[in-house]
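Nothing here was measured: the structure is a model prediction, and the numbers come from that model. Remember, it's 1-based here, ligands and their atoms both numbered in the order they're listed.
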Amino acid sequence: MHQYRGKLIVHTGSMFSGKTSSLERDLKRFKIAKYKTIAFKPAIDNRYNKNEIVTHDLTYMNAILVKNIDDIIEYSKELKPDVIGIDEIQFLGGSVDKIIEGINGFLKKNLTVIVAGLDMDFTGKPFEVIKELMPIADYLYKHHAVCVRCGADAWVSNRKSKDKERIKIGASDEYEPLCRMCFLKEKR
Ligand SMILES: Nc1ncnc2c1ncn2[C@@H]1O[C@H](COP(=O)(O)OP(=O)(O)O)[C@@H](O)[C@H]1O
Ligand SMILES: Cc1cn([C@H]2C[C@H](O)[C@@H](COP(=O)(O)O)O2)c(=O)[nH]c1=O
Ligand SMILES: [Zn+2]
């Protein structure tokens, strides 16, 4: 795992595409390789247990709740991890510039940073932080859920309700992964 020192790994895609599962798998592998790993998640995502990252398959991993990148920097000074995992990065508070600056700071110090986050919101608009992270990633994985209408690779997380606010925590009660064609049909 030495080759990942100072590298940025980005897992993105729609909901249910396996981003969190991939983050968990990566962190477990680094742990097996005897690296000190710490997982963080934004305090806003209270869907499941507070101090855990939970996948849609209900596998989980301990995580530290944070408000912004400064919290992650502070915890990292104290706990001195080799590998930092951040789930749901689209919910991390503060400016995108600050998040990128913080992540670049970790990479300069030769830490491995693994992030998972949505590429787009329910309207198909990109989340700004992922838009900035994708080109600077060393390893970029765009994951796909299965479209619940036709079985093709999904492209977007369609919101089932008419609510318009950008942030709305939920799972299959609120969202369904759709391919582009099924999404366009839905919106016609
Ligand atoms: N339509 C779907 N397509 C793919 N996986 C699905 C779907 N619905 C539920 N799942 C479940 O979601 C899991 C992925 O969960 P998770 O890693 O939490 O995804 P993400 O973090 O991208 O939302 C899959 O392993 C699968 O069991
Ligand atoms: C598309 C979309 C999603 N959300 C919320 C819904 C969930 O709580 C998370 C995504 O979780 P996952 O691990 O990727 O499944 O984000 C939102 O607030 N706004 C959206 O547009
Ligand atoms: Zn479809």
Revision key, fill the gap. Between the CD1 atom in I84 and the CZ atom in F106, the distance rounded to the nearest 0.5 Å is 4.0 Å

Practice item. Using the test side-chain contact (heavy atoms from CB on, under 4.5 Å), find all partners of K34 that sit at least two apart in sequence or belong to another chain. Key: none

With heavy atoms of [X] as the reference, note each atom of ligand 2 found under 4.0 Å away.
X	answer
F122	1 (C), 20 (C), 21 (O)
K168	4 (N), 5 (C), 6 (C), 17 (C), 18 (O)
H56	12 (P), 15 (O)
G170	6 (C), 7 (C), 8 (O)
L118	1 (C), 2 (C), 3 (C), 10 (C), 14 (O), 16 (O)
D121	1 (C), 21 (O)

Practice item. Would you please determine whether E88 falls within less than 4.0 Å of ligand 2 on a heavy-atom basis? Key: yes

**Study point:** Electrostatic pair K77:E74 at N-O distance under 4.0 angstrom
**Key:** yes

Practice item. Return the set of residues passing ring-ring contact (aromatic ring centres under 6.0 Å, His included) with F127 (not counting sequence neighbours), or none when no residue passes. Key: none

Point to revise | Donor-acceptor pair between S95 and D97 side chains, under 3.5 angstrom | key: no

Check your understanding: In terms of side-chain heavy atoms, does T59 have a donor or acceptor partner in E24 at a distance below 3.5 Å?
Key -> yes

Check your understanding: Which atoms of the protein, restricted to N, O or S, are nearer than 2.8 Å to the Zn ion (ligand 3)?
Key -> C147 SG, C150 SG, C179 SG, C182 SG

Check your understanding: Which pairs count as ring pair (Phe, Tyr, Trp, His ring centres under 6.0 Å) when at least one residue sits in residues 145-187, sequence neighbours excluded?
Key -> W155-F183

Check your understanding: Are S17 and ligand 1 in contact, using a heavy-atom cut-off of under 4.0 Å?
Key -> yes

Atom indices of ligand 1 within 4.0 angstrom of [X] heavy atoms, with elements:
X	result
M15	23 (O)
S21	14 (C), 15 (O), 16 (P), 17 (O)
P177	1 (N)
V146	1 (N), 2 (C), 3 (N), 4 (C)

Check your understanding: Does an N or O anywhere in S157 fall below 3.5 Å from an N or O of ligand 2?
Key -> no

Check your understanding: For the residue pair L23 and G85, what are the closest heavy atoms and their distance?
Key -> CD1-CA, 4.0 Å

Practice item. Out of T12, L178, D57, D153, indicate the one that has the non-hydrogen atom closest to atom 24 (C) of ligand 1. Key: D57

